[in-house]
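Note sheet for the following structure.
Everything numeric in this text was worked out from a predicted model, so none of it was measured. Reckoned from all heavy atoms, side chains included, excluding hydrogens, waters and symmetry mates.
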Protein chains: 2
Amino acid sequence: MNKKKTTNKRKIRRAPTESDVARLAGVSQSAVSRAFTKGASIAKATREKIIAAARELGYHPNLLARSLATRRSNIIALAIANLENPFYAQVAQQLSAQLRETGRHILLFTSSIYDETDPMLERALSYQADALIMTATKASEQLADQFKKAGVPIVQINRESKIAGVSTVWGENYRAGKVAASHFLKKNHKNFAFVAGTKISSTSHMRQQGYIETLAKNNIKNVQIVYGEYSFEGAANAARKLFNSKNPPDAIFCASDYMAFGVLEVARREFALKIPIDVAIIGVDDVPEASHSAYDLTTFSQPAAALAKEAISIVDKMIANPNRRAIRTEVAGELIIRGSTRR
Amino acid sequence: MNKKKTTNKRKIRRAPTESDVARLAGVSQSAVSRAFTKGASIAKATREKIIAAARELGYHPNLLARSLATRRSNIIALAIANLENPFYAQVAQQLSAQLRETGRHILLFTSSIYDETDPMLERALSYQADALIMTATKASEQLADQFKKAGVPIVQINRESKIAGVSTVWGENYRAGKVAASHFLKKNHKNFAFVAGTKISSTSHMRQQGYIETLAKNNIKNVQIVYGEYSFEGAANAARKLFNSKNPPDAIFCASDYMAFGVLEVARREFALKIPIDVAIIGVDDVPEASHSAYDLTTFSQPAAALAKEAISIVDKMIANPNRRAIRTEVAGELIIRGSTRR
DNA sequence: GCGGGTTTTGCATGCGCATGCAATAAAAAA
DNA sequence: TTTTTTATTGCATGCGCATGCAAAACCCGC
């Protein structure tokens with residue numbers, strides 16, 4: 001009935017806003033806004049007064065409101081299939097670390113489906129993401145369309161795309177295969193095999209091309225190809241098939257380190273093969289484990305940090321000029337020679 | 001000069017808004033809002049008309065604006081130290097997958113510093129996150145304070161906390177150690193060792209307690225303790241120390257699978273020990289690799305899915321009742337017996 | 001101490017959506 | 001058909017912040 005009742009009715013503590021800070025500091029709300037906007041026109045003394053008031057209240061700017069007003073969310077959507085793969089986890093880690101330096105953050109969309117487009121990704125548009133970065137997945141034509149219409153760039157890491165609006169950054173896939181083949185040839189191997197990822201992986205396909213074509217140039221045509229499905233166990237099965245074949249390979253190139261580990265273990269434990277004497281193995285990625293003494297894997301590197309950096313650089317360019325065509329960049333890698341190949 | 005000039009001046013294509021949809025559908029903006037709000041009062045025919053118009057325009061609701069109006073962002077901040085660790089990657093994956101079912105998404109904060117509080121986490125407050133979930137990190141007193149003030153719950157996965165406002169969910173750490181010890185004892189082992197994580201990890205400490213106390217009850221006091229720093233290489237070094245000692249162990253319990261892998265590899269390759277005859281090994285976590293034939297590791301499981309589920313459940317409870325005290329839950333695990341221990 | 005120039009400030013408004021309230025249309029009851 | 005009840009709608013406003021514009025405060029040199 002009385003006034004008190006009204007003011008007391010349920011003390012929900014709201015987060016302080018600019019207006020609260022303004023009141024305490026004795027300035028206008030817009031002054032507070034300017035105090036927190038880099039480069040805005042505001043007197044030094046005023047800003048300090050405001051900062052002090054803000055600290056006193058425990059004020060945190062509401063970035064969602066800011067985004068609404070500025071039309072820039074500083075949110076980057078990251079679509080990632082199988083985070084469990086250390087290589088992609090590393091890419092995610094790198095992206096996150098590098099983005100934070102420009103005040104941006106990652107909205108995570110995981111998916112367990114490899115190489116297929118997650119319908120949930122439309123949500124990134126609803127969250128007003130400034131860009132979408134995809135790893136180990138591809139954007140469908142339809143998704144790309146929607147993002148283009150919204151002016152939100154898409155960058156794929158490690159997957160090729162024929163879609164006009166989609167930028168891509170990848171490692172030197174063809175060269176990886178080529179270099180692996182050359183290295184094996186130099187060490188006088190005779191029987192070659194390739195453990196591919198999945199059938200639809202463009203990445204795996206490019207590596208295979210580089211490998212096979214280089215071997216073909218040296219008159220080696222009978223290269224066994226098996227699929228490891230980009231998993232440890234898948235590769236282990238593929239390896240069993242290889243070693244049980246009538247003509248077991250003495251040189252195996254794997255489309256990923258992870259698969260190489262699977263092959264390596266099967267070779268050692270189930271077939272008692274000596275590495276690199278009986279069989280040599282080369283992977284791709286150079287994940288941290290590759291350098292562990294347990295694996296000591298020769299591999300063609302695909303530097304996560306560089307991939308992340310390039311992806312972000314593309315994002316920046318596309319945001320700066322939305323009408324720009326898709327950008328396609330290759331990031332250099334190199335053969336890192338370790339104990340899984342002959343000296 | 002003429003009117004056309006005004007309307008044509010710079011065709012920046014804005015994303016369509018509810019007002020655009022409303023215009024096309026011939027209804028008010030609020031009707032459109034209601035059409036997209038579950039349970040709102042709106043006629044079926046109207047909604048359909050609106051949905052059609054929305055589809056035609058390619059309308060995506062602006063979730064930031066919605067969050068501003070509803071004071072609920074549906075964003076959950078996830079702080080994760082070393083994503084590269086497959087166990088935590090798995091937890092992240094689980095959280096992401098389970099949260100999406102209730103329409104929530106993860107804002108990712110990675111950190112390479114173990115067990116320390118990342119100052120960047122304040123940003124979660126700015127993004128109006130509905131909650132903060134932390135894995136492999138702990139909230140500082142000060143951070144917890146700020147979140148409590150803002151009414152945003154914090155849940156730590158796999159880290160203990162003495163701070164009042166911080167909820168926690170963890171695996172059966174003490175029991176893991178206890179069960180490991182019992183299993184070793186049953187198999188007649190004589191010389192015991194423990195490979196701990198870091199010195200300040202409460203998780204590692206609990207596991208150690210369970211192990212040591214159980215052994216002590218059986219009159220075994222001289223348990224060697226070494227630190228593996230939760231890394232493969234760290235554990236490998238720890239293992240070298242153990243196997244080179246005057247009394248090398250025949251039973252090693254490791255505070256994580258990952259470290260167990262390091263120990264296992266060193267045992268086999270550098271010391272030519274037969275597992276589990278010469279030395280038996282038990283880990284904790286049950287990461288996917290543990291079941292791979294290469295490792296075939298006996299381990300006390302710490303189910304990522306269950307941890308994630310419990311963390312989310314706590315978040316929900318805390319959001320429903322912000323004044324509630326912190327919740328502490330233990331998630332059951334079990335000893336999964338594989339080839340790294342004697343039959 | 002004054003005019004013109006330069007900062008610094010506040011005012012007003014809009015970003016896209018949700019929602020209480022009042023107005024209206026539809027349905028049910030009389 | 002008229003009245004009452006209920007289901008739909010639109011209006012108006014606010015969420016917290018940024019920003020163009022005009023007013024105010026400050027600066028300088030003369």
Original post:
Does a side-chain N-to-carboxylate-O contact under 4.0 Å join A:Asp20 and A:Arg23?
Top reply: yes
Original post:
Backbone N or O of A:Ile76 within a donor-acceptor pair of the A:Asp130 side chain at under 3.5 Å?
Top reply: no
Original post:
For the side chain of B:Leu68, counting heavy atoms from C-beta on, which of D:dC15, C:dT19, D:dC17 is nearest?
Top reply: D:dC15
Subject >> OP1 or OP2 of D:dG16 under 4.0 Å from side-chain N/O of B:Tyr127 >> reply: no
Original post:
Between the base of C:dG20 and the side chain of B:Arg34, is there a donor-acceptor distance below 3.5 Å?
Top reply: yes
**OP:** Please determine, for the side chain of A:Ser41, which listed nucleotide (D:dT8, C:dA12, C:dT9) has the closest atom?
**Re:** C:dT9
Original post:
For the base of D:dA18, is there a side-chain donor-acceptor partner from A:Gln29 under 3.5 Å away?
Top reply: yes
**OP:** Measure from the side chain of A:Ile42, starting at C-beta and using heavy atoms only, and say which of D:dG10, C:dT19, C:dT9 lies closest.
**Re:** C:dT9
Subject >> B:Ser67 side chain vs B:Leu63 backbone, donor-acceptor pair below 3.5 Å >> reply: yes
Original post:
Does a nitrogen or oxygen in the side chain of A:Arg71 sit under 4.0 Å from OP1 or OP2 of C:dG16?
Top reply: yes
Original post:
Would you say D:dT19 has OP1 or OP2 under 4.0 Å from some side-chain N or O of A:Ser30?
Top reply: no
**OP:** Could you please name the option among C:dC17, D:dT9, D:dC17 that lies closest to any side-chain atom of A:Arg66?
**Re:** D:dC17
Original post:
For D:dG16, does OP1 or OP2 lie under 4.0 Å from any side-chain N or O of A:Thr17?
Top reply: no
Original post:
5'-most contact on DNA chain C: A:Thr46 or B:Tyr59, nearest heavy atom basis?
Top reply: A:Thr46
Original post:
Can you find a side-chain donor-acceptor pair between A:Thr102 and A:Arg104 that sits under 3.5 Å?
Top reply: yes
